[in-house]
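Computed from a prediction, not measured in an experiment: that's the story for all the values here. Chain letters run A, B, ... following the sequence lines, proteins first and then strands; every chain starts at 1.
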Amino acid sequence: MLRCHDRRANPSAEREQSFVGGGSEGSQLRLLQSPPLVWLGDSMTHWSQFFIPTLKESPADAEIPSHKLLIRAGLVRKLSGGLYTYMPLGLRVMQKLTEICRQEINAGGGIELWMPHVHPVENWQDGPRWAAAREIMFRVDSAGDGKRGPREPEFVLGPTHEEIITPLVKTEITSYRDLPKNFYQIGTKFRNEIRPRYGLMRAREFVMMDAYSFDAHDEGAVKSYFAMKSAYERFFKRIGALAIAVEADTGVMGGSYSHEFMVPAEVGDDDIIYCEESGYAANREKATSGLVPAGWADPAPAGALEEFATPGVVTIAALEAAPYSVPADQQFKTLVYIGDGKPFLVVLRGCDELEEAKLGQLGFGLFRPATPEEIVAVMGAKPGSLGTVRGTIANPAALAGIFADHAVRLIGNGTTGANKDGFHLRNVNVQRDLAIDRFGDFRRVKAGEPCPKSGQPLKSRRGIEVGHIFKLGTKYSEKFGAVYTDDQKQSHPMVMGCYGIGVSRTLQAVIEQSHDADGIVWPWTVAPFQVLICLLDPQVSEALDLARRLATVAERAGADVLIDDRMERPGVKFKDADLIGIPLRLTIGGKGLKEGIVELKRRSSKDVAKVSLPEAEARLSAEIAALSAAAGG
RNA sequence: CGGGGUGUAGCUUAGCCUGGUAGAGCGCCUGGUUUGGGACCAGGAGGUCGCAGGUUCGAAUCCUGUCGCCCCGACCA
């Protein structure tokens with residue numbers, strides 16, 4: 001029979017103790033509530049001494065499950081839009097993630113360093129993407145010397161570090177003997193996102209692992225690239241996240257090719273286009289399809305070019321309707337963009353949409369859709385009557401180029417605008433009639449189109465981008481003069497790669513991927529604690545002793561242990577346990593102890609195993625070993 | 001930056017249309033009864049109703065402005 005020994009609210013002993021202080025009624029109460037001294041200085045984490053502010057209800061501003069759970073489980077608290085405090089429990093997860101990340105990047109050849117997060121703006125002005133990057137950087141107006149106006153800030157907060165690492169490597173590495181090198185850091189990044197959302201998913205301040213590889217030759221850069229790709233794959237596997245590598249757009253980064261690591265999730269803000277047959281997978285921004293078969297011969301012209309009146313017709317849909325009845329896939333859509341100040345044209349089929357990211361291949365630093373005024377100035381007609389038939393463009397000399405998507409070649413005897421308001425042209429044929437400088441892939445791929453590899457219908461799903469790797473080439477090294485001397489005394493720019501893992505975003509992606517109606521289900525390797533000892537009667541000294549003994553066993557087996565020793569009702573403890581999602585729960589309660597048992601339960605399962613006291617230590621160790629092994633050690 | 005919404009106690013919110021002393025649940029504090037899946041009873045603390053103007057005898061409520069937040073879009077290294 002267990003002896004009851006209430007350490008907190010017990011009458012006599014504590015009352016005496018409180019009188020020792022001889023204080024007022026208030027200070028006596030405070031003393032009564034102070035923790036038993038025996039727990040202080042103990043390495044085990046006791047819930048009552050820790051801080052896990054759980055919430056029954058979701059805050060109103062959380063929309064998606066992972067965001068709600070981040071808040072409810074007491075992992076983070078919001079300071080302001082896109083700015084979060086990592087609470088003790090959340091910090092523990094971050095620490096686990098960063099440590100695993102560190103191990104795998106090290107294994108992939110990374111060398112850790114630490115760079116400043118406040119950057120002289122000159123580094124960015126000297127770099128190749130200042131125009132695009134300035135908008136999202138937090139800026140610090142002045143160091144206080146008063147020499148600069150507010151329009152020329154001295155410092156920016158770093159959104160990433162190419163502009164810092166490249167000049168560093170330029171001065172420190174000059175010989176091929178010192179190459180290759182791959183430097184990385186794990187730290188805070190600042191991006192003034194236009195619209196922060198979904199908690200840590202798109203934050204203004206976030207934690208990122210960023211790595212930068214420098215190689216003497218392209219082959220080496222490819223090797224570095226794939227070493228990192230493998231490291232990423234090991235990282236995501238170890239943390240229990242399903243992340244798939246997809247081909248990606250290089251965006252403002254520039255560079256030759258890149259992969260994104262995506263965690264499939266409904267709430268992701270990227271579209272993944274993929275084919276199960278061939279394994280093809282790409283971000284929609286980059287995805288291509290086998291719409292135009294290899295060896296496709298353009299349809300032969302059948303009839304002369306002919307202008308016809310189309311009063312009031314300014315949309316694809318209107319031209320599809322009677323009396324014109326031109327199917328959208330037989331119409332040419334002509335879009336006017338402004339690239340670095342000069343207009344250029346993009347021609348698509350009427351049924352296709354432009355994938356703006358694909359305009360990046362044209363090499364403009366900045367581009368945007370033209371305004372109606374700009375369109376009239378160059379084309380001679382308003383939107384809705386535009387076309388690229390030779391001789392119809394009002395001011396062709398102003399154009400920086402006319403680019404057409406490959407798919408327009410599927411059109412034979414199509415219809416396009418006459419660059420004259422209210423008129424279109426029919427029997428338009430690509431080769432014969434259109435003034436096109438270059439064909440390319442500009443259209444947005446839709447699910448159902450043939451896979452470029454297998455020809456099978458492509459599928460699409462949403463994903464969260466948690467990592468990105470780029471083979472950068474020499475864009476930055478040339479700009480910053482990061483060159484080395486080879487064994488022939490020749491100077492060459494280093495071939496770079498850059499790599500990022502959104503660690504804080506990954507934290508949330510793991511939750512998004514691993515939760516149920518009751519709360520988070522942490523993977524073993526990143527769980528803030530791996531074993532929760534749920535002590536239903538913490539005031540019973542034998543039960544407490546048992547909990548601490550079993551906690552020691554679990555720690556020796558390599559697990560992080562949390563003892564829930566709070567004076568709460570069992571229901572509260574179980575609900576909290578499910579909410580914070582500790583993988584293995586061991587319950588010690590009065591009822592079980594009367595039968596001589598404790599209970600073991602995995603968070604991921606409904607099954608509860610009753611374990612007799614003599615077997616408890618062995619079973620606990622075995623369970624930890626099993627979970628640890630299943631997680632890959 | 002465009003469109004929509006919202007702001008009331010630590011959290012979730014009612015009240016606003018139709019102006020008349022600001023309510024509830026959770027949480028918190030005190031006492032008691034409970035004690036294996038978010039207990040119960042009694043008592044209590046806590047709100048310049050985002051902020052600034054205006055209308056009015058009187059504003060959480062109506063008007064104007066402003067700020068924050070959320071959603072959609074644009075944007076997204």
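- Under 4.0 angstrom from either OP1 or OP2 of C75(B) there lies no side-chain N or O belonging to R191(A).
- Between F206(A) atom CZ and A77(B) atom P the separation is 11 Å, expressed in whole Å.
- Within the nucleic acid shown, R72(A) comes within 4.0 Å of at least one base atom, counting heavy atoms only.
- Relative ring orientation between Y225(A) and H259(A) is described as tilted, the plane-to-plane angle lying within the 30° to 60° band.
- Atom CD of E260(A) is separated from atom CD1 of I469(A) by 10.5 Å, given to the nearest 0.5 angstrom.
- Spacing of C1' atoms, A60(B) relative to A22(B), comes out at 8 Å, to the nearest Å.
- Residue I469(A) contributes atom CD1, which lies 15 Å from atom C1' of A77(B) at whole-angstrom precision.
- The nearest whole Å value for the distance from the CE atom in M137(A) to the P atom in A77(B) is 14 Å.
- The residue E356(A) sits close only to the backbone: its heavy atoms come under 4.0 Å of sugar-phosphate atoms, none of a base.
- Side-chain atoms of K333(A) come within 3.5 Å of backbone atoms of D352(A) as a donor-acceptor pair (strictly under, hydrogens ignored).
- In this structure, CE of M262(A) is placed 15 Å from P of C76(B), rounded to the nearest angstrom.
- Among R444(A), R443(A), K286(A), R284(A), the one residue that satisfies the side chain to side chain donor-acceptor pair (under 3.5 Å) test with E355(A) is R444(A).
- Dashed line: the shortest gap from a side-chain N or O of K56(A) to OP1 or OP2 of G27(B) is under 4.0 Å.
- In terms of polar N and O atoms assigned as donor or acceptor, the side chain of E57(A) comes within less than 3.5 Å of the base of G25(B) in a complementary pairing.
- Within 4.0 Å of D576(A), counting heavy atoms only, lies at least one base atom of the nucleic acid.
- D269(A) has its CG atom 11 Å from the C1' atom of C75(B), to the nearest Å.
- Between F261(A) and Y232(A), the angle of the ring planes lies from 30° to 60°, which puts this pair in the tilted group.
- In this structure, W114(A) and H117(A) have tilted ring planes: the angle between them lies in the 30° to 60° band.
- In this structure, E193(A) places its CD atom 15 Å from C1' of C1(B), rounding to the nearest Å.
- For the pair S80(A) and C69(B), the criterion of a side-chain N or O lying under 4.0 Å from OP1 or OP2 is met.
- For the pair M567(A) CE and U33(B) P, the computed distance is 14 Å after rounding to whole Å.
- Residue K78(A) places at least one side-chain N or O under 4.0 Å from the OP1 or OP2 atom of C70(B).
- Looking at heavy-atom distances under 4.0 Å, G592(A) makes contact with a base.
- Spacing between atom CD of E568(A) and atom P of G37(B) amounts to 14 Å, rounded to whole angstrom units.
- Taking the C1' atoms as reference points, U30(B) lies 37 Å from G68(B), given to the whole Å.
- Below the 3.5 angstrom threshold, one finds a donor paired with an acceptor across the side chain of R585(A) and the base of G37(B).
- A sub-4.0 Å separation between OP1 or OP2 of C76(B) and a side-chain N or O of Y198(A) is absent.
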